Amino acid sequence: MPELPEVETQVRDLQALVGRKILDLTSDTPKSFRPDFKEFQRKIRNKKILAIERRAKFIVFTLSQNLKLVVHFRMTGHFLLAQDFIPLEKAIRHFFKISGGIVLQFSDIRKFGTLVLCEEKSHLKVCGLAKLGVEPLGESFTLPVLREILQNKKGKLKAALLDQTLVAGIGNIYADEICFGASLHPASLIQNLEPQDFKNLFQEIKKQLRKGVRNRGTTIGEYRDTRGRGGKNQNTLMAYKRHGLPCKICGTKMRKIKIVQRTTSFCPKCQK
DNA sequence: CGATTCCCCTGATAGC
DNA sequence: TGCTATCAGGGGAATC
């Protein structure tokens, strides 16, 4: 599923659209839009794309006339850059006609993706962006900051990693990889973590996310880049979905548990 | 107010 | 083989 590295990869590719105009929009899944499709379509026509940025797992398009388009891929969404309206994949739900002969297609098998159009001055509130925590690949994310974020938190480590109001952009795949890399049991209670654990955790958050970006994302299910190509990070995974398989480090059979409703794979020997 | 549950949706997989 | 049941999951809303 698209997490920070996958969204980052898409955003980098989408820079080709900056300076162009959105001419029209068609969709067979109008439920994905806020406000309702008719209004969304009317408002977005003939708006120029001024900037495209990532915030956590959201993509924020800055448009002319003080508008923001905030996109979230949820489970199966991704954009594809095309020259025409012939669907590049089976589950193309929306087509954005862009100036210069570009058609931006939105693929989304499960239809969970959301596209919200709002005024620039209210977009943080409307889209829930204001509640997001620190950007883990940003300069302001440091070891002392991580300690401060977690110091008064209770509960399990992985639950905190998935909490978008603490550190923003980590999902199920990278959370499992970070716990494995830090040799920490995903169900570890935060209040029991040692100073060295925080250090390892901090380093792994940066390391795993950077590796994901470098590998242009993890493709296990549907994720593709804007040219329809998968990423390479799936070839490097040590933990995610590896329950039942031998640990790549020690050979112990990896286990599966649920944490905040998410399947969690870990090595009972390497992760204490 | 925090923690938990439900819900959205489709395709893959398990079970019979 | 072919059917049905179950599972997967991000985040917002509803509920406890």
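Note that the structure is predicted; figures quoted are calculated from it, not measured. Every chain is numbered from 1 and lettered A, B, ... according to where its sequence line falls, protein lines coming before strand lines.
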Under a plain distance cut-off of 3.5 Å, with no hydrogens placed, do [Y] and [X] share a side-chain donor-acceptor pair?
{"X": "A/Glu89", "Y": "A/His78", "answer": "yes"}
{"X": "A/Thr264", "Y": "A/Lys158", "answer": "yes"}
{"X": "A/Gln196", "Y": "A/Asn200", "answer": "yes"}
{"X": "A/Thr76", "Y": "A/Asp108", "answer": "yes"}
{"X": "A/Thr236", "Y": "A/Lys211", "answer": "yes"}
{"X": "A/Glu3", "Y": "A/Tyr223", "answer": "no"}

Would you say [N] has OP1 or OP2 under 4.0 Å from some side-chain N or O of [X]?
{"X": "A/His72", "N": "C/dG10", "value": "no"}
{"X": "A/Lys131", "N": "C/dG12", "value": "no"}
{"X": "A/Lys57", "N": "C/dG10", "value": "no"}
{"X": "A/Tyr240", "N": "C/dG9", "value": "yes"}

May I ask you to decide whether A/Arg262 forms a salt bridge with A/Asp176, counting only side-chain N to carboxylate O separations under 4.0 Å? no
Assess whether a salt bridge exists between A/Asp13 and A/Arg216, defined as any Lys/Arg side-chain N lying under 4.0 Å from an Asp/Glu carboxylate O. yes
Report yes if some heavy atom in the side chain of A/Val70 is under 4.5 Å from a heavy atom in the side chain of A/Ile59; otherwise report no. no
Find which nucleotide of DNA chain B each of A/Lys153 and A/Lys31 is nearest to by heavy atoms, and output the residue with the more 5' nucleotide. A/Lys153
For [X], which contact category applies under a 4.0 Å heavy-atom criterion: base, sugar-phosphate, or nothing?
{"X": "A/Lys241", "result": "nothing"}
{"X": "A/Tyr174", "result": "nothing"}
{"X": "A/Thr263", "result": "sugar-phosphate"}
{"X": "A/Gln164", "result": "sugar-phosphate"}

When only distance counts, do a donor and an acceptor, one from the side chain of A/Arg262 and one from the base of C/dA8, lie under 3.5 Å apart? no
Comparing A/Lys256 and A/Ala56 on DNA chain C - which has the more 5′ nearest nucleotide: A/Lys256
I want to confirm an ordering. Mapping A/Cys127 and A/Thr76 to their closest nucleotides on DNA chain C, which one lands closer to the 5' end? A/Thr76
In this structure, how many angstroms lie between the [atom2] atom of [N] and the [atom1] atom of [X], rounded?
{"X": "A/Tyr223", "N": "C/dG10", "atom1": "OH", "atom2": "C1'", "value": "17 Å"}
{"X": "A/Phe73", "N": "C/dG12", "atom1": "CZ", "atom2": "P", "value": "16 Å"}
{"X": "A/His78", "N": "C/dG10", "atom1": "NE2", "atom2": "C1'", "value": "17 Å"}
{"X": "A/Ile109", "N": "C/dG9", "atom1": "CD1", "atom2": "P", "value": "15 Å"}
{"X": "A/Ile257", "N": "C/dC7", "atom1": "CD1", "atom2": "P", "value": "17 Å"}
{"X": "A/Gln261", "N": "C/dG9", "atom1": "CD", "atom2": "C1'", "value": "10 Å"}
{"X": "A/Glu222", "N": "C/dA8", "atom1": "CD", "atom2": "C1'", "value": "10 Å"}
{"X": "A/Ile259", "N": "C/dA8", "atom1": "CD1", "atom2": "P", "value": "14 Å"}

Testing C/dG9, C/dG12, C/dA8 for proximity to the side chain of A/Phe58, the answer is C/dG12
What are the 5'-most and 3'-most nucleotides of DNA chain B lying under 4.0 Å from any heavy atom of chain A? B/dC8 to B/dG11
Using the rule side chain to side chain donor-acceptor pair (under 3.5 Å), only one of A/Lys68, A/His123, A/Lys48, A/Lys47 pairs with A/Thr62; which is it? A/Lys68
Hey, could you give me the CG/OH distance between A/Leu161 and A/Tyr174, rounded to the nearest 0.5 Å? 14.5 Å
Taking five pairs at each end, how big is the angle between the two axes of the helix from B/dG2-C/dC16 to B/dC16-C/dG2, to 10°? 60°
